[in-house]
Number of protein chains: 2
Amino acid sequence: MPGIERPGPLYKQVAAAIRDAITSGEFPPGSPLPSETQLIKRYQVSRPTVRNAIAALRAEGLIDVVHGKASYVRRRPAPALTIERTVTRKAGTYTTGQTDWQENEAPSVSRATSTETTGPALGLDEGEDLFAIDRLHTDPATGTRILHRTLLPLAVAADHNELAENPAAAPEQIYALLATAGHKLTWTETVRARMPLPDERATLELPDATPIIETTRITHGNDDQPLLLEELRAAADRAQLAYRITADSPRTLRAVRS
Amino acid sequence: MPGIERPGPLYKQVAAAIRDAITSGEFPPGSPLPSETQLIKRYQVSRPTVRNAIAALRAEGLIDVVHGKASYVRRRPAPALTIERTVTRKAGTYTTGQTDWQENEAPSVSRATSTETTGPALGLDEGEDLFAIDRLHTDPATGTRILHRTLLPLAVAADHNELAENPAAAPEQIYALLATAGHKLTWTETVRARMPLPDERATLELPDATPIIETTRITHGNDDQPLLLEELRAAADRAQLAYRITADSPRTLRAVRS
DNA sequence: AGTCGCAACTCGTAAGGACGAGTGACGACA
DNA sequence: TGTCGTCACTCGTCCTTACGAGTTGCGACT
């Protein structure tokens, strides 16, 4: 029944009408939308037009469609998991915000070479050797999955016996190793977001229209020398990142690309 | 000509074939895909199927479609703008990473009340009065637009004459005011990402399948009392956030929802 | 030679039909 | 009583056809 106005493509008018019905409370979060057949009658348009409108709302992340059942208004809770990107030092051992994450499998260690993106961040030329350590974590409280990758230059590992023997050590342990070797550590971190690649959609169990939040942490040693690169990826609808900032005297911060 | 295999819906097979052709280098970034008509011939499917496949690649952010011309493989440069989320203090004045941003219009000041999301972050009950100051910035080097919102509790503004008179002061000036009033300032910041609302798509000039990166900074005074909330929103394909981390002794970090 | 309009290409919107596939409830049968 | 099959409903896929709208280049006319 609700009237549809003149301007613009039909399917956008229908999408806007449904969106308004949702925000006005006619279809509260979690509730099902009318079936396609009912929407056809209600707005007097063809099925492709209704489906086109629904596709638009899906791309906005406003609804979830379940085959055989209905379309449901998506609940938009705040991200349930707050990942604290801090580093704490206590009596020579380091702790990061992630303390109780499960590791789904043993870390997978592989060899890689520095690329256009990772190279400069680590102060390397293109084509230098690296260890790449991949982990898949799960936060036990929320079930959120987190992809973690560590890039450790071979040249750095070679300087520390324990690292060369066990490159898959936890990052916190690597911090401790570097610190005992005389490095005064600082970290810089950049945060990006993007749509997932198909394989990331699968491993992170991402719903429609859900971006990835991605962060790159670089561990700097003495003279701001980059030693270690860590990447974190998580579903943006479940995870957010938290930082603490303190006023500092002037200094430059290195930008990181990826 | 390329053969299409059995499994799964036709349009997904076509989408996968095109995706492979892109990643294999047959269609490098910036180059146009074959026209719909050509893809119909190439894969021996109907136009809706081709369009459905193209829609899938759009949703992945892999291609951009231009009406009347063609579909182009999207270039995926690293975000051109790095927003440094740091605070620097020098002789009583504060500086943040954003120094050369243009303000497109005068800040728009409005009154608001604390909500379910902003209230707790500011230590307020629901329904308390706030100033809301909205700004639209443009980074001159890259043309990137940034939405900035400041939430200043009336109760805080009332404690400082200059703030009550001019709630639209720059955040750095507010920091300085609070500091001279005896507060030792610290900040916590949370970062999220999500798909844009329709109006954000417009004001931030967002392409298809481009998320928003969003950060909430809370200024804490003495006894960790929350005084000020700032929100930043930008297109995730153009902007990334940068933080500096230093090892700290144990302490808890307040999570922020929005 | 310059300008303007049309033609031919592109993608966008819309309708209609047909069938496949997942879900849930009901009822018949064991 | 319990199991299982059918049926009616949902959304998913795929086709054909038609026309609208933006872009570009060619060619005719001035």
Side-chain angles (χ1 to χ4, degrees), chain A residues 3-19 21-22 27 30-74 198 201 207-209, chain B residues 3-19 21-22 27 30-74 198 201 207-209:
Chain A
I4 298 197
E5 288 72 43
R6 286 296 80 230
L10 245 190
Y11 80 93
K12 284 191 180 172
Q13 299 175 33
V14 173
I18 298 176
R19 186 166 34 236
I22 291 173
F27 306 121
S31 72
L33 254 47
S35 75
E36 292 180 359
T37 316
Q38 288 172 307
L39 292 172
I40 289 168
K41 285 191 212 133
R42 173 161 168 162
Y43 297 114
Q44 294 293 312
V45 294
S46 71
R47 185 161 177 238
T49 302
V50 163
R51 285 185 60 80
N52 210 345
I54 287 179
L57 300 175
R58 277 173 83 148
E60 290 173 25
L62 204 60
I63 62 175
D64 288 303
V65 183
V66 182
H67 187 175
K69 299 184 74 176
S71 302
Y72 297 89
V73 180
R74 186 180 283 186
R201 273 188 61 90
D208 278 341
Chain B
I4 297 199
E5 288 71 44
R6 286 296 80 233
L10 244 191
Y11 80 94
K12 284 191 181 172
Q13 298 176 32
V14 173
I18 298 176
R19 187 167 35 236
I22 290 174
F27 306 121
S31 71
L33 254 48
S35 74
E36 292 180 357
T37 317
Q38 288 173 307
L39 291 172
I40 289 168
K41 284 191 214 133
R42 173 160 169 162
Y43 297 114
Q44 295 293 311
V45 294
S46 72
R47 187 160 175 237
T49 302
V50 164
R51 286 185 60 79
N52 210 344
I54 287 178
L57 299 175
R58 278 173 84 149
E60 289 174 24
L62 204 60
I63 62 175
D64 287 303
V65 183
V66 183
H67 188 175
K69 298 184 75 177
S71 302
Y72 298 90
V73 180
R74 187 180 283 185
R201 272 188 62 90
D208 278 342

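Labels below follow one simple rule: chain letters A, B, ... track the order of the sequence lines, proteins then strands, and each chain is numbered from 1.
Taken to the nearest 0.5 Å, the CG atom of L33(B) stands 5.5 Å off from the CD1 atom of I18(B). A distance of 11.5 Å separates CG of L57(A) from CG of D64(A), quoted to the nearest 0.5 Å. Put simply, CZ on R47(B) and OG1 on T37(B) are 7.0 Å apart, with the number rounded to the nearest 0.5 Å. Atom CZ in R58(B) sits 7.5 Å away from atom CZ in R51(B) (nearest 0.5 Å). Of the inter-residue distances, the one linking K69(A) atom NZ with H67(A) atom NE2 reads 12.5 Å to the nearest 0.5 angstrom. Separating the CZ atom in R201(B) from the CG atom in D208(B) is a distance of 5.5 Å, to the nearest 0.5 Å.
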Contact list (N/O, under 3.5 angstrom) for nucleotides 14-16 of chain C vs protein:
unit_1	atom_1	unit_2	atom_2	d
dA14(C)	OP1	L10(A)	N	2.3
dA14(C)	OP2	L10(A)	N	3.2
dA14(C)	OP2	Y11(A)	N	3.0
dA15(C)	OP2	S46(A)	N	3.1
dA15(C)	OP2	S46(A)	OG	2.6
dA15(C)	OP2	T49(A)	OG1	2.3
dA15(C)	O5'	S46(A)	OG	3.4

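Between the CD1 atom of I54(B) and the C1' atom of dT13(C) there is a distance of 15 Å, given to the nearest Å. Taking atom CZ of R51(A) as the reference point, atom P of dG17(C) lies 17 Å away to the nearest angstrom.
In 5' to 3' order, the nucleotides of DNA chain D bounding all contacts with chain A (an atom under 4.0 Å from a heavy atom) are dT10(D) to dT13(D).
Between A209(A) and A59(A), the shortest heavy-atom distance links the atoms CB-O, 3.3 Å. The minimum heavy-atom distance between F27(B) and P34(B), with the atom names listed, is CZ-CD, 3.5 Å. Between I63(A) and S71(A), the shortest heavy-atom contact is CD1-CB, 4.3 Å. Heavy-atom minimum distance, P198(A) versus E60(B): CG-OE1, 4.1 Å.
Near-neighbour residues of DNA chain D inside residues 60-72 of chain A, defined by a heavy atom below 4.0 Å, number-ordered: V65(A), V66(A), H67(A), G68(A), K69(A), A70(A).
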